[in-house]
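First the structure, in the form of structure tokens, and then the observations on it.
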Amino acid sequence: MSYLNKAAMRSKTGFWPNNRGTILGIAAFAVVIAIVPFTASSSMMNIAVFSMIFALPAIGLSLLMGLAGQVSLGQAAFFAIGAYTHAILLQKFEMPGPVAAVGGVVAAMLAALLVGLPMLRLRGHYLALATLGLGFIVMIAVREWEFTGRTTGIYGYGRPEVFGIPIDNNGLFFWFVAPFVLIGLVLALNLTRSRAGRALSAVNDSELAAESLGVNTYALRVKVFTLSAGFAGLGGVFYAYQVQIVSPQVAEFHVSVELLLMVVIGGLGSVWGAVAGAFIVELLSEGLRDLIPAIIPGATGEVQLIGYGLVLILVIILLPGGLYQVVKTAWAAITRRRADAAAKPSPAETADGGSGDVPTRAFGGLPGEPPAGASLDEATDAAASAPRIPTVSTPVAAGEPILVVSGLTKRYGGVVAVDGVNLTVPAGQIMGLIGPNGAGKTTCFNMITGAIAPTSGTVRFLGEEIQGRKPHVGAEAGLTRTFQNLQVFSSTDVVGNVYMGRYRKGRAGILRGMFGLQGREQYAHEEIARDILDSMRLGDVAGLAAGDLPFGRQRMMEVCRALAAEPALLLLDEPMAGLSGSERELLAQLLRALRDAGLTIVLVEHDVAQVMALADSVAVLDDGVLIAHGDPESVRNDPAVIVAYLGTDAEEAEAELKELEEHA
Ligand code: ATP
């Protein structure tokens with residue numbers, strides 16, 4: 001589940017959302033905040049206050065799980081750190097309330113940063129287990145430490161005051177905390193639509209592809225983990241104020257489970273869901289407090305966890321997308337019904353003999369595009385002109401080495417996938433890298449781009465050694481790739497994928513994203529992404545979900561995404577695989593045009609004829625060893641290549657050779 005979807009793809013600037021639905025939602029929330037203290041009963045008011053307090057850590061957890069795809073079972077630890085720090089600063093150090101509150105939030109964030117740095121190198125279940133362990137450590141620490149008051153906790157620090165008015169009843173406290181929730185909600189919503197938020201979602205879809213576009217996934221995760229702890233710490237601050245005693249209970253495992261439940265019930269794909277989930281879980285908690293002892297006489301405390309556990313299981317089985325899924329499905333049904341009603345033919349149209357079908361266009365309104373229903377082949381024939389090319393980066397003079405690979409070797413146990421390969425790629429040329437299946441081409445690409453570390457050897461890109469570094473290092477320097485096995489960001493649309501290609505060209509980080517201070521940067525990158533799609537005749541599908549595109553168009557989209565990064569060196573791993581004849585021709589035209597504009601390209605491709613026709617030089621791998629490297633003509637006639645690449649069968653080799661010559 002991810003925040004990135006078609007609606008979220010639109011850029012925004014300014015603090016307040018510019019999307020009509022979100023503005024309405026925020027206005028409705030503000031109205032609810034204003035009227036609840038006048039209308040709610042005292043028990044409902046209590047639930048409302050705790051919903052607001054727990055909504056804060058739930059928003060943080062929702063960002064961490066929905067946006068960054070990291071499961072945390074220890075959110076209560078940061079909630080407790082915020083609460084304890086706040087209470088200690090108030091009670092032991094007699095600090096003013098706002099200073100103690102900031103102290104609570106900062107302490108939670110610092111703790112998250114410290115534990116996040118080593119922990120966020122872990123993935124999936126390991127991270128969940130590590131955060132679970134962290135929760136237990138904090139709980140035991142505060143229970144055993146004299147300074148934190150052991151089992152008694154910290155108390156006796158007084159209530160907050162605003163402009164001299166003591167916040168001493170639930171109604172006032174609700175008004176005290178709810179605006180923070182509202183602002184937190186807006187900050188979180190802004191983040192989901194920002195450059196950093198989209199990058200986090202992309203990481204969730206394909207970490208490898210995101211890294212290859214320059215996203216430092218580890219740094220982003222640490223930042224969002226720290227931010228999430230900040231939300232938890234703020235919740236803890238309000239909790240300390242409301243409850244007036246901070247005891248080890250606040251760090252107990254069931255608090256983390258409650259927070260998890262809030263996010264899951266609300267729906268992982270929505271920040272709104274976290275707030276709604278907080279309210280539902282608080283209601284449920286109140287209900288279970290009465291229900292469990294009625295079912296199990298004498299049951300108290302942790303037995304309530306059984307109830308939470310059951311609800312969690314039921315939600316996961318019956319409603320994996322939570323409330324968010326329900327709202328989304330209902331909204332889709334309403335809009336579909338409206339669209340159907342609008343599309344119904346008028347009686348006059350039907351009398352005219354019209355079929356009533358709404359005319360569909362396979363291609364959407366680009367100059368030179370063919371009529372509706374035309375296939376891509378026809379489209380290409382109709383628009384035979386060469387595709388427009390995006391800006392290319394040429395940091396090295398043509399012919400100078402841009403990439404130098406020396407002694408590159410990769411061993412997997414006894415298998416030597418790549419064996420001491422030496423290659424120099426001159427700038428401004430297309431180099432073909434060919435070889436039979438299993439020759440080591442993709443492994444070479446993976447080592448050059450940092451997807452895997454070589455066993456030995458060096459990779460020098462633009463004069464700098466990058467072997468063994470993470471893919472984002474090479475990507476930031478201008479090295480971009482596509483993948484043999486497509487790596488599509490399927491939770492966003494096509495333009496969202498290409499927009500991610502612009503990542504290395506942007507600057508705005510998490511803070512700027514949260515406050516909507518990205519200026520025009522984001523719009524500009526989105527425009528460029530659209531332009532590139534148009535130039536590759538994918539403009540008509542820009543708004544479609546990327547995962548819904550046919551395979552060939554997904555491949556073309558990946559090429560567009562790589563080009564959006566304005567790379568100095570483009571590595572294409574079997575870009576022609578799965579393309580139709582006309583798509584291949586279009587791509588070949590594009591690659592020639594890019595080369596003529598100065599871009600350096602390394603092309604791994606099984607379509608040898610295409611490689612021979614396109615490449616300025618060709619390198620041949622066999623069994624991990626570089627057996628030939630030179631101009632296409634000499635490689636084509638190299639006996640070692642013919643035997644090794646085409647097999648030892650002389651007749652077969654001769655037939656293939658003939659075919660190559662015909663294509664040349
Ligand atoms: P293809 O054209 O079929 O994609 P390729 O030339 O790209 O092949 P690679 O995928 O690089 O070849 O594989 C080279 C060799 O390394 C193969 O023998 C493959 O089985 C082996 N290999 C690749 N990755 C691994 C791995 N993770 N563990 C073990 N062996 C591997």
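Numbering of ligands and ligand atoms starts at 1, following listing order.
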Compare Gly414, Pro436, Gly438 and give the one whose heavy atom is closest to atom 8 (O) of ligand 1. Gly438

Side-chain (Lys441) to main-chain (Pro436) donor-acceptor, under 3.5 angstrom: yes

Would you say the side chains of Gln75 and Ser72 form a donor-acceptor pair under 3.5 Å? no

Please list the nearest protein heavy atom to atom 16 (O) of ligand 1 with its residue and the distance rounded to 0.1 Å. Ala417 CB, 3.1 Å

For atom 13 (O) of ligand 1, tell me which residue out of Ile452, Thr443, Leu621 has the closest non-hydrogen atom. Thr443

Examine distances only and state if a side-chain atom of Thr131 and a backbone atom of Ala128 form a donor-acceptor pair shorter than 3.5 Å. yes

Is the closest protein non-hydrogen atom to atom 20 (O) of ligand 1 under 4.0 Å? no

Pull out every atom of ligand 1 sitting under 4.0 Å from any heavy atom of Glu574, numbered as shown with elements. 2 (O), 4 (O)

Counting only heavy atoms not in Arg592 (residues, nucleotides, ligands), do more than 12 fall under 6.0 Å from its CZ? yes

Tell me the protein heavy atom at minimum distance from atom 10 (O) of ligand 1, and give that distance in Å. Thr442 CB, 3.9 Å

Look at atom NZ of Lys223 and say whether more than 12 heavy atoms of other residues, nucleotides or ligands are closer to it than 6.0 Å. no

Between Phe489 and Tyr499, is the gap from one ring center to the other below 6.0 Å? no

side-chain contact (heavy atoms from CB on, under 4.5 Å) with Ile601: which of Leu571, Leu572, Val425, Leu614? Leu572

Using a 4.0 Å cutoff against the non-hydrogen atoms of Gln484, which atoms of ligand 1 qualify? 4 (O)

Just wondering, more than 12 heavy atoms not from Tyr126 lying within 6.0 Å of its OH? no

Below 3.5 angstrom, do we get any N/O pair linking Val415 and ligand 1? no

Can you pull out the closest protein heavy atom to atom 24 (N) of ligand 1? Residue, atom name and distance to 0.1 Å, please. Tyr412 CE1, 3.5 Å

Under 4.0 Å from one or more heavy atoms of Ala439, ligand 1 contributes atoms 5 (P), 6 (O), 12 (O)

Is it the side chain, the backbone, both or neither of Lys410 that has a heavy atom closer than 4.0 Å to ligand 1? neither

Straight-line distance of Asp419 CG to Leu621 CG, nearest 0.5 Å: 10.5 Å

Gly440 N/O under 3.5 Å from ligand 1 N/O: yes

Under 3.5 Å between any N/O of Gly435 and any N/O of ligand 1: does that happen in this structure? no

Give me the residue, atom name and distance of the protein heavy atom closest to atom 3 (O) of ligand 1. Asn437 OD1, 3.2 Å

